[in-house]
Amino acid sequence: MSTLVIVEHDNQRLHPHTRALLGAASRLAGEVDVLVIGHSCSTVAEEAATLEGVTRVRWVDAVHYSDLLAENLAMVVAQMAAAYRHVLLPATAFGKNLAPRVAAMLDVAQVSDIVGIQDAEHFVRPIYAGSLLETVRSREPVGVMTVRCSAFMPVGQSANAAPIVPFSAGPDMGVVRLLQRVRIDATHPQLANARVVVAGGRGLGSAEAFHRLLDPLAACFGAAIAATRAAVDSNYVGNDCQVGQTGKIVAPDIYIAVGISGAAQHIAGIRGAKLVVAINKDPEAPLIRLADLALVGDLHEVVPQLTEMLQR
Amino acid sequence: MKVLVSIKRVVDYQLQVRPTADGLAVDTAGLKMSMNPFDEIAVEEAVRMREAGIADEAVVVACGSAACQDVLRTALAMGIDRAVLIVAETPLQPLAVARLLKVLALREAPDLILMGKQAIDDDAAQTPQMLAAMLGWPQATFASKIEVTGMQANVAREVDAGIEIVQVSLPAVISADLRLNTPRFASLPNVMKARRAVIEQIPAEGTGVDLAPRLETLSVAEIPTRPQGVRLASVKVLAERLQQAWRALQ
């Protein structure tokens, strides 16, 4: 029994959710190996080696892995994965893109977006935009799974660094290449691991109002900015801020929703939030009913007042 | 160029689903069924490629029971040329669907396969990537823009950090995200015409594909409800409560 964890990184740093991904791996019996695959990514391998519970780091480094494209990565991962009982990836754009490709190459079913691990065969996952939880049993020889990292406890540091074992690269498929990466908003903290999130919906009315009202409020907490699909569709903010069934799933300590009525698809993305605060003029809005703290009022008046009080 | 679009019939996105009384499955009895919204976007994209002269044929396929004919007819009414139903009366999981689609892809030899990035029932988001792997084709998932030039496609992908633009060689599998387009409503004459269209039916059993589910659903439960929240009387109270919560985090 052993687990292979495919970690997400940018060739320089591990993604912050990696500790929680390893937290999920620790719920499974046996050794935990981490696969770091990329280009010029030795610092990532070294960082991974210091994390609690890691038995060894397997490190694959080649120029055709620099953009982390699934076609090339899957060749290596599938070859390596066959020797493991479980293979875990984060349920992010990176992991969701790669995991099914690996599973198909191994001819096994994949389990998506797990939020609970009962034992080696039983997993809990949300379905229907998170409105239901299903418990599934997988008896596949290799259990390939994507993990909703916000649902698991992060591991800490290890006293002794795990050994780093280089592994030979696979072929370059040459069927896909990255042309451009457009990072939309780098001024706010990353949404995925922010402790406080300030989110806006179409109730803000314009991109100008969105930023004028929410940026100062977010600054009070060093909070990340989030948005509903409707707000992203209206170009208030970029798609990297979208939270919900088809966007990011977040689980901050405080989630402040401004002008968000609360479509089921949006609520699906914030169920893990500890304290949900909603500001909306509609007392019947689903999010006002769901919130731990709800304030019914005109956000254009309330938010500046709130920000001013918090700044004091 | 030939485009194949794969669609799934799911519980309509506006409906709330519940577990069955025994808690063993999702209760879908009597609920309105529709085309998976993400697949509708894939259909729209294929129709636009057809209208723009980029594609000279667009074929739609669904895998499932005879009831799937309704969503196939919706796709035909939107402007797809031809429909195929791979008939399976037992529920199919993504791995089996990908295998069935591979069989059809080998017969139809499309240059591009389009489908939604996920189905809104199981939220698995697996079938496109699995199919691409089985065919040995490149994949471009979560697409918000597709530009086909010759035997290449430039695809804008919605990823966590923003947008990533990749160039894939064709044939390829592309999965549609929400912002790729806004699907049209079919006109009444087209709906009437689609009603009379002949849908080719292929029995899944005859394909030699292993259809057996690999994952067993043991139970389905509603998510735990949050405790009742409080309505605050003023902005001042909200500011105080937020400051309390914030201090508790430090």
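The basis for the numbers below is simple: all heavy atoms, side chains too, and nothing from hydrogens, waters or symmetry mates. Below, chains carry the letters A, B, ... as their sequence lines are ordered, and counting in each starts from 1. If you're wondering where the values come from, they're calculated on a predicted model, not measured in any experiment.
With sequence neighbours excluded, the residues forming a side chain to side chain donor-acceptor pair (under 3.5 Å) with T20(B) are D22(B), listed by chain and number. With sequence neighbours excluded, the residues satisfying ring pair (Phe, Tyr, Trp, His ring centres under 6.0 Å) with F221(A) are W246(B).
Neither the backbone nor the side chain of S175(B) comes within contact range of chain A; no heavy atoms are under 4.5 Å apart. Both the backbone and the side chain of K96(A) come within less than 4.5 Å of a heavy atom of chain B. If you measure heavy-atom distances from V111(A) to chain B, the contacts under 4.5 Å come from both the backbone and the side chain. V302(A) touches chain B through backbone and side chain together, each having a heavy atom under 4.5 Å away. Proximity to chain A involves both the backbone and the side chain of K236(B), based on heavy atoms less than 4.5 angstrom apart. Using a 4.5 Å cut-off between heavy atoms, L133(A) contacts chain B through both its backbone and its side chain. Of the two parts of E164(B), the backbone and the side chain both hold a non-hydrogen atom closer than 4.5 Å to a non-hydrogen atom of chain A. Looking at P94(B), there are no atoms closer than 4.5 Å to chain A (heavy atoms on both sides), in backbone or side chain. Neither the backbone nor the side chain of V102(A) has a heavy atom closer than 4.5 Å to any heavy atom of chain B. At a 4.5 Å heavy-atom cutoff, the contact between I279(A) and chain B is made by side-chain atoms alone. Heavy-atom distances place both the backbone and the side chain of R229(A) under 4.5 Å from chain B. Heavy atoms closer than 4.5 Å to chain A are found in both the backbone and the side chain of R231(B). For Q180(A), the parts sitting under 4.5 Å from any heavy atom of chain B are the backbone and the side chain alike.
For the pair R214(B) (side chain) and D107(A) (backbone), a donor-acceptor distance under 3.5 Å is present. R181(A) places no side-chain N or O within 3.5 Å of a backbone atom of G162(B) that could act as its donor or acceptor partner. Formation of a donor-acceptor pair under 3.5 Å by the Q16(B) side chain with backbone atoms of A264(A) is not found in this model. Under the 3.5 Å distance criterion, the side-chain polar atoms of D123(B) are left unmatched by any main-chain donor or acceptor of I127(A). At distances below 3.5 Å, not a single donor-acceptor pair connects side-chain atoms of E71(A) with backbone N or O atoms of W137(B).
Counting heavy-atom pairs closer than 4.5 Å to chain B, the top residue among L98(A), L69(A), V232(A) is V232(A). Heavy-atom pairs under 4.5 Å with chain B were tallied for M105(A), R125(A), E301(A); the largest tally goes to R125(A). Ranked by heavy-atom pairs under 4.5 Å with chain B, the first of D233(A), D113(A), L275(A) is D233(A). Among E121(A), H122(A), K248(A), the residue with the largest count of heavy-atom pairs under 4.5 Å with chain B is K248(A). Among V176(A), L310(A), L178(A), N97(A), the residue with the largest count of heavy-atom pairs under 4.5 Å with chain B is N97(A). Residue with the most contacts toward chain A among S219(B), S169(B), A239(B): S219(B) (heavy-atom pairs, distance under 4.5 Å).
Within residues 290-300 of chain A, the residues that have a heavy atom under 4.5 Å from a heavy atom of chain B are L290(A), A291(A), D292(A), L293(A), A294(A), L295(A), V296(A), listed by number.
Checked by atom type, the side-chain pair S112(A)/Q126(B) shows a donor-acceptor distance below 3.5 Å. R177(A) and Q167(B) are linked by a side-chain donor-acceptor pair at a separation below 3.5 angstrom, with hydrogens and angles left out of the test.
L242(B) has its side chain within reach of L306(A): a pair of non-hydrogen atoms, C-beta onward, lies under 4.5 Å apart. Using a 4.5 Å heavy-atom cutoff, the side chains of E216(B) and V136(A) are not in contact. Under the 4.5 Å side-chain criterion, counting only non-hydrogen atoms from C-beta, V196(A) is in contact with L249(B). The shortest distance between side-chain heavy atoms of Q243(B) and M309(A) does not fall below 4.5 Å.
Within 6.0 Å of atom CZ in R241(B), 12 or fewer heavy atoms from other residues, nucleotides or ligands are found, so the atom counts as exposed in its surroundings. The environment of R226(B) atom CZ is dense: over 12 non-hydrogen atoms of other residues, nucleotides or ligands sit within 6.0 angstrom.
T246(A) OG1 to I120(B) CD1: the interatomic distance, rounded to the nearest 0.5 Å, is 11.0 Å.
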inquiry  = Set out, in order, the CA-CA distance, both residues' side-chain angles and the distance that settles side-chain contact (heavy atoms from CB on, under 4.5 Å) for L132(A) and E222(B), then state yes or no.
reply    = CA-CA 5 Å; L132(A) 299 175; E222(B) 303 224 38; 4.3 Å; yes

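Within the structure, the salt bridge (Lys or Arg N to Asp or Glu O under 4.0 Å) test picks out the following pairs touching residues 263-286 of chain A (sequence neighbours left out): D253(A)-K274(A).
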